[in-house]
Visitor: 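If you scroll down you'll find the structure; I have some questions about it.
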Amino acid sequence: MAALAVCGVLALTACQNGDDLAAPDAKPTAVAPAPPTATAPPTASATAAVPAPSKTGAAPKPSATATPAGKNPPAPAPPPAPTCGADHRMPVSPDTIAVHRYTPEGGMTSLIVQHGTYGCPGRFEPSGEWTYIPIAETAKITATAPILTTVVMGRPISTSELTGWLDTHPDKGLPFRYHLNAAGVIDTLDEIYVK
């Protein structure tokens, strides 16, 4: 009898399980979730399921150039000074020469000079070939330092004084403004003071 009772209970249970699977409208049996353990780390799937914060709801970040309230914005940095060089030079000066030496050949004193340009920041920069320009013995010459020591404002000197200084100070390339007479001879020569 006991064996028949056990078989009846098993048959009844099997029928109920079959009814649950067959009935689409049957409500699932509530199963109590297992309590999480304190030592179990979160799984990758649980981490991935967390929604990312919305960009539209995030507070805007202050820009790097934001100015605190009540303060004036800082003044913009001044532009860098132009670099001195060939790109900043003016065209070849028509009335300025660098005087290097002189020669008395041909029966007339000639200055050995070099033309050039005014570069950055305004100094005369000789360039090109050395050439000869004759100078009159009676030319009006104005000199400053270093030809005349400590003289900043020009003072008159003679052609012989100039050539005497060039004998002892060759290749200095001091800048002079000059003027030619109708014969192509220097009749006026003014030294440009250089600090």
Visitor: Are the side chain of Thr96 and the backbone N or O of Ser93 linked by a donor-acceptor pair below 3.5 Å?
Guide: no

Visitor: Could you go step by step and tell me if Lys172 and His100 meet the side-chain contact (heavy atoms from CB on, under 4.5 Å) rule?
Guide: CA-CA 6 Å; Lys172 293 297 183 182; His100 296 289; over 6 Å; no

Visitor: Would you give the length of the straight line joining atom CG of Leu162 to atom CD1 of Ile147, rounded to the nearest 0.5 angstrom?
Guide: 5.5 Å

Visitor: Any heavy-atom pair between the side chains of Ile97 and Gln114 that's under 4.5 Å?
Guide: no

Visitor: If you look at every heavy atom in Ala98 and Gly173, which pair is closest and at what distance?
Guide: CB-O, 3.6 Å

Visitor: State the CD1-CE distance between Ile135 and Met108, to the nearest 0.5 angstrom.
Guide: 9.0 Å

Visitor: To the closest 0.5 Å, what do you measure between CD (Glu129) and NE2 (His115)?
Guide: 12.0 Å

Visitor: Say whether Ile133 and Ile157 are linked into one hydrophobic cluster, either directly or through other cluster members, by side-chain heavy-atom distances under 4.5 angstrom.
Guide: yes

Visitor: Taking all atoms of both residues into account, what is the closest heavy-atom pair of Asp190 and Thr188, and its distance?
Guide: OD2-CG2, 3.9 Å

Visitor: Applying the 4.5 Å side-chain criterion to the ILVMFWY set and letting contacts propagate, would Phe124 and Tyr178 be lumped into a single cluster?
Guide: no

Visitor: Taking atom OG of Ser160 and atom CD of Glu137, what is their separation to the nearest 0.5 Å?
Guide: 7.5 Å

Visitor: Please tell me whether Asp167 and Tyr102 have a donor and an acceptor in their side chains that are separated by less than 3.5 angstrom.
Guide: yes

Visitor: Which atom names give the shortest non-hydrogen contact between Glu191 and Thr144, and what distance separates them?
Guide: OE1-N, 2.7 Å

Visitor: Within a strict 4.5 Å, meaning less than it, do heavy atoms of the Ile141 and Thr159 side chains meet?
Guide: yes

Visitor: What's the separation between atom CG in Asp95 and atom CG in Leu180, rounded to the nearest 0.5 Å?
Guide: 10.0 Å

Visitor: Any chain of hydrophobic side-chain contacts (each under 4.5 Å) joining Leu148 to Tyr193?
Guide: no

Visitor: Can you name the nearest heavy-atom pair linking Pro134 to Gly184, along with the distance?
Guide: CG-O, 3.9 Å

Visitor: Is any side-chain heavy atom of Pro146 closer than 4.5 Å to one of Leu174?
Guide: yes

Visitor: One pair to check against side-chain contact (heavy atoms from CB on, under 4.5 Å): Ile192 and Arg177. What are the steps and the verdict?
Guide: CA-CA 7 Å; Ile192 300 171; Arg177 286 192 182 90; 3.7 Å; yes

Visitor: Which pair of non-hydrogen atoms, one from Thr168 and one from Pro170, has the smallest distance, and what is that distance?
Guide: C-CD, 3.5 Å

Visitor: For Asp171, is there an ion pair with Arg101 - N to carboxylate O distance below 4.0 angstrom?
Guide: yes

Visitor: How long is the gap from CG on Leu111 to CZ on Phe176, to the nearest 0.5 Å?
Guide: 8.0 Å

Visitor: Apply side-chain contact (heavy atoms from CB on, under 4.5 Å) to His179 and Ile186, showing your working.
Guide: CA-CA 6 Å; His179 179 267; Ile186 295 174; over 6 Å; no

